[in-house]
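Read through the structure below, which is laid out as structure tokens, and then see the notes.
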Amino acid sequence: MTPSFADKPKPVASLKGRSFLSTEDLSHGEWQGLLSLAKAAKTQGPASLGQPMLHKTVALVFFNPSLRTRVSMTVAISQLGGQSIPLEIGAGSWDLEHLTGVVMDGAKSEHIKEAVPVLSQYVDAIAVRCFPKQKDFAVDQQDEILQAFRQYATVPVINLESAFWHPCQALADMLTIEECRGGFKKRKVVLTWANHPKTLPHAVPNSFALAACQMGCDFWLVAPEGYHLDESVVEKCRRYVKEQGGEPKGELVLTHDREAAYEGADIIYAKSWASREHYGRPEGENRQGLRDWIVTPEWMAKTNKAQFMHCLPVRRGVVVADAVLDSERSIVIPQAANRLFMQKALLASIFS
Ligand code: CP
């Protein structure tokens, strides 16, 4: 059926011309607006949000690799009538320095102070992926590269995963939860730490925790000793739980008890991240004792027929058992698909 004029999805006007660095940038109303717009984009077809990006160009700046983010952003921009220019920093584009006062006699050829204002002359928005160095937590927490882009850009900046946040992933995660569980309130959403051969950044779990608390879920974070998220993130989550409007209020539970966490869960979201205790150092020995932090059918059997989520890429047999990932409980593919629809909603609003 052709949608009527009354059904025409509306962009979130308050996001027009704004940067998007963290879901903290979104009010509850803006969250709801983006979810509605994304659902319309999904059900009414690729052309449903019109061409708000006609003659608009976005630079997609990658300091690090990507599959989902790169492709979903490129397609979203294209479907909205715009075009994108991918830039691989240090590979096809100059390696960029971001620290101030550095004598640039090393490998880095250009400073962000010039590169970002120059890019701003050519394009209408800059989207950037910049992972942490994982040497010093206090440094990574500052998100220096992302902040430098924001400081020196004269066009909106969109975070495609920075040292501390991955807000576009969290947008898609919330749409996926709403679709699968019919809402957020009184849904037990569990983020479980998982084993991994590498020490991974905190960006995905930070953004997921924040978004789940913004939306009013009963949010449980289960992790081994030494692996809870940074207190600054937990404090923001606490504030969202406290300030939520409407009843019932969500809750925030931090635990090491997997039995309690899985019991009655509606969503199991697995992710690995580096230990705060060992940050910047190899965790080899420490991880030996944590190999059983893998999502198995036995763990899933304790839940309320929970769906399994992961941002991808995921290590089979390490983070999650094949029997879970290949089961009908796994929603990692529709979760990844939702990156496209939520980013279309975001871009259509920024360029409305
Ligand atoms: N989830 C996610 O951001 O995937 P990519 O790293 O492949 O972009």
Side-chain angles (χ1 to χ4, degrees), residues 20-23 34 38 58-79 84-93 125-134 140 143 145-146 149 157-177 179-180 189 191-194 196-212 229 267-274 295 307-316 318-320 325 330-347:
F20 181 61
L21 305 186
S22 158
T23 63
L34 288 177
V58 181
L60 301 179
V61 180
F62 287 96
F63 286 80
N64 311 97
S66 164
L67 186 154
R68 280 143 289 274
T69 304
R70 176 190 300 266
V71 178
S72 60
M73 280 300 281
T74 306
V75 173
I77 292 163
S78 164
Q79 289 186 357
S84 53
I85 301 179
L87 291 171
E88 317 298 332
I89 298 303
S93 176
I126 302 172
V128 58
R129 165 161 286 199
C130 47
F131 288 173
K133 296 279 178 284
Q134 289 203 87
D140 290 344
D143 237 334
I145 296 180
L146 183 73
F149 270 74
V157 174
I158 299 169
N159 184 352
L160 298 183
E161 188 173 347
S162 66
F164 219 55
W165 303 110
H166 195 354
C168 288
Q169 180 66 51
L171 292 181
D173 295 341
M174 292 306 118
L175 176 60
T176 310
I177 291 173
E179 286 176 337
C180 291
V189 172
L191 171 60
T192 175
W193 184 86
H196 198 282
K198 293 184 176 174
T199 54
L200 298 184
H202 284 218
V204 169
N206 283 349
S207 283
F208 183 75
L210 205 64
L229 297 178
I267 293 287
I268 298 295
Y269 194 119
K271 185 74 185 82
S272 194
W273 58 88
V295 181
Q307 273 97 10
F308 174 80
M309 295 177 69
H310 189 282
C311 62
L312 304 181
V314 68
R315 301 260 182 160
R316 285 173 173 263
V318 181
V319 171
V320 55
L325 197 54
S330 171
I331 52 171
V332 297
I333 305 302
Q335 179 187 355
N338 281 340
R339 291 288 304 271
L340 172 64
F341 303 112
M342 282 305 271
Q343 287 160 195
K344 278 185 78 174
L346 177 71
L347 289 164

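Both ligands and their constituent atoms are indexed starting at 1 by order of listing. None of the values given here were measured: they were computed from a predicted structure. All residue numbers refer to positions in the sequence shown, counting from 1.
- At the top of the distance list for atom 4 (O) of ligand 1, counting protein heavy atoms only, stands Arg68 NE, 2.9 Å.
- Close N/O approach between Cys311 and ligand 1 is found [any backbone or side-chain N/O within under 3.5 Å].
- Here is the list of ligand 1 atoms found below 4.0 Å of a heavy atom in Arg339: 1 (N), 2 (C), 3 (O).
- Using a cutoff of 4.0 Å between basic side-chain nitrogens and carboxylate oxygens, Arg70 and Glu88 are scored as salt-bridged.
- The atoms of ligand 1 that sit less than 4.0 Å from any heavy atom of Leu312 are 1 (N), 2 (C), 4 (O).
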Phe131 and Glu161: side-chain contact (heavy atoms from CB on, under 4.5 Å), yes or no, with the steps?
-> CA-CA 7 Å; Phe131 288 173; Glu161 188 173 347; 3.4 Å; yes
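- Residues Asp140 and Lys133 are in side-chain contact: their nearest non-hydrogen atoms beyond the backbone lie under 4.5 Å apart.
- One side chain, Glu179 or Asn338, offers a donor N or O that lies under 3.5 Å from an acceptor on the other.
- Contacts between Val204 and ligand 1 below 4.0 angstrom, taking non-hydrogen atoms only, are absent altogether.
- Looking at Val320 and His310, their side chains never come closer than 4.5 Å, going by heavy atoms from C-beta outward.
- Using a distance-only test at 3.5 Å, with no hydrogens or angles considered, no donor-acceptor pair links the side chain of Trp273 to the main chain of Trp193.
- Numbered from 1 in the order shown, with element, the atoms of ligand 1 that lie under 4.0 Å from a heavy atom of Thr69 read 2 (C), 3 (O), 5 (P), 8 (O).
- Looking at atom 7 (O) of ligand 1, its nearest protein heavy atom turns out to be Leu67 N, 2.7 Å.
- Nearest protein neighbour of atom 3 (O) of ligand 1, counting heavy atoms only, is His166 NE2, 2.8 Å.
- Atom 6 (O) of ligand 1 has Arg129 NH1, 2.8 Å as its closest protein atom, hydrogens excluded (heavy atom only).
- Panel note: side chain Ser272, backbone Ala194; a donor-acceptor pair is recorded below 3.5 Å.
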